[in-house]
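One structure below.
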Amino acid sequence: MAEIFPDEGLDAMLGIFPKNGGNYANLWCGLFTSQTASAVMGRTGTMAACIVEPAGGSYARMVVAASNWGTPSTSGNGRKVTNAQITFPTATAAWSTVNGFFMGSASTAGVVIYQANFDDNTGNAIGIGDSQKVTPSLQMDG
C-alpha cells in the first residue's frame, strides 16, 4: 500500500502545529480513480491537479468527524490513528475503478491532507448498486 502526506497537506498541518493555527472541525474522505491501485500522487501533487474522483452516480465525499479518531498506536516503524468505518452512498451509475481514499479539507475542492491505496493494492470496480466502505486511517512513519 502506498500512502502520502503531500506538501499541501503537510503545509496545512504545520499551519496548525506549531503555529497554533485553527484546526479543521472535520475532514472529508473521498475516493480516487486517478493514479493506480498501488501508487499515489507525488509529493508536490495537489487536490486540483492530481485527484480524480468518481463522477456522478450518487458519489459524494463523506464527513469524518474529528471526535471519531481513535488513540494513536504503533504500526510498523511509525504511529497510526484510525477512524470509524464509513460507507459511501450506493452507486446509481458506474464509478469506474476506485484505487484508494484521500482525506481532504472540504466537501469539494480544498486541500488533500493524505492519500492512500487500499491495503491489498487492488482497485475496486464500482458498478450500479455497489457501495464502498473505507476505514480511514493515517500513518506517519518514523
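The first residue in the sequence is number 1, and the count goes up from there. Since this is a predicted model, take the numbers as computed values, not measurements.
Shown here for P6 and M41, the closest heavy-atom pair between the two residues is CG-CE, 3.4 Å. Among all heavy-atom pairs drawn from E3 and A116, the shortest one is CB-CB, 4.0 Å. The minimum heavy-atom distance between T46 and A49, with the atom names listed, is OG1-N, 3.1 Å. Here the shortest heavy-atom pairing between I126 and S131 reads CD1-O, 4.3 Å. Closest heavy-atom contact between P136 and A84: CD-O, 3.4 Å. What you find for V98 and P54 is that their closest heavy atoms are CG2-CG, 4.3 Å.
Taken to the nearest 0.5 Å, the CD1 atom of I51 stands 5.5 Å off from the CD atom of Q35. Expressed to the nearest 0.5 Å, how far CD of Q85 lies from NZ of K133 amounts to 5.0 Å. Note that CE of M13 and CZ of F5 are 4.5 Å apart. Values are rounded to the nearest 0.5 Å. In this structure, L138 CG and S75 OG are separated by 12.0 Å, a value rounded to the nearest 0.5 Å. Interatomic distance, T33 OG1 to N99 CG, rounded to the nearest 0.5 Å: 7.0 Å. Going from atom OG1 of T44 over to atom CD of E8 covers 10.0 Å, rounded to the nearest 0.5 Å.
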Hey, mind stepping through N121 and M1 against side-chain contact (heavy atoms from CB on, under 4.5 Å) and telling me if it holds?
CA-CA 6 Å; N121 286 325; M1 174 182 101; 4.1 Å; yes
Given side-chain contact (heavy atoms from CB on, under 4.5 Å), test Q132 with T90 step by step and report yes or no.
CA-CA 8 Å; Q132 178 69 54; T90 300; over 6 Å; no
Could you go through the side-chain contact (heavy atoms from CB on, under 4.5 Å) check for V64 and M103 one step at a time?
CA-CA 9 Å; V64 179; M103 301 304 300; 3.7 Å; yes
Kindly determine whether V52 and F32 satisfy side-chain contact (heavy atoms from CB on, under 4.5 Å), including the steps that lead there.
CA-CA 5 Å; V52 177; F32 65 91; over 6 Å; no
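A side-chain donor-acceptor contact under 3.5 Å links T74 and R79.
M62 has its side chain within reach of I86: a pair of non-hydrogen atoms, C-beta onward, lies under 4.5 Å apart. Side-chain atoms of F118 and V134, non-hydrogen and from C-beta on, do get closer than 4.5 Å to each other. The shortest distance between side-chain heavy atoms of I113 and L27 falls below 4.5 Å. Between K80 and M140, every side-chain heavy-atom pair lies at or beyond the 4.5 Å cut-off.
Environment of CG in N77: sparse, with no more than 12 heavy atoms of neighbouring residues, nucleotides or ligands closer than 6.0 Å. The number of heavy atoms from other shown groups lying within 6.0 Å of CZ (R43) does not exceed 12.
At least one donor-acceptor pair under 3.5 Å links the side chain of N117 to the backbone N or O of T36. At distances below 3.5 Å, not a single donor-acceptor pair connects side-chain atoms of S137 with backbone N or O atoms of T82. At least one donor-acceptor pair closer than 3.5 Å links the side chain of D130 to the backbone N or O of G127.
One hydrophobic cluster, built from ILVMFWY side chains closer than 4.5 Å, cannot hold both V81 and W28; they sit in different ones. Hydrophobic clustering, with ILVMFWY side chains joined whenever heavy atoms are under 4.5 angstrom apart, groups Y114 together with L10.
Using the six-membered ring where Trp is involved, Y59 and F88 have ring planes that are parallel, under 30° apart on the 30 and 60° scheme.
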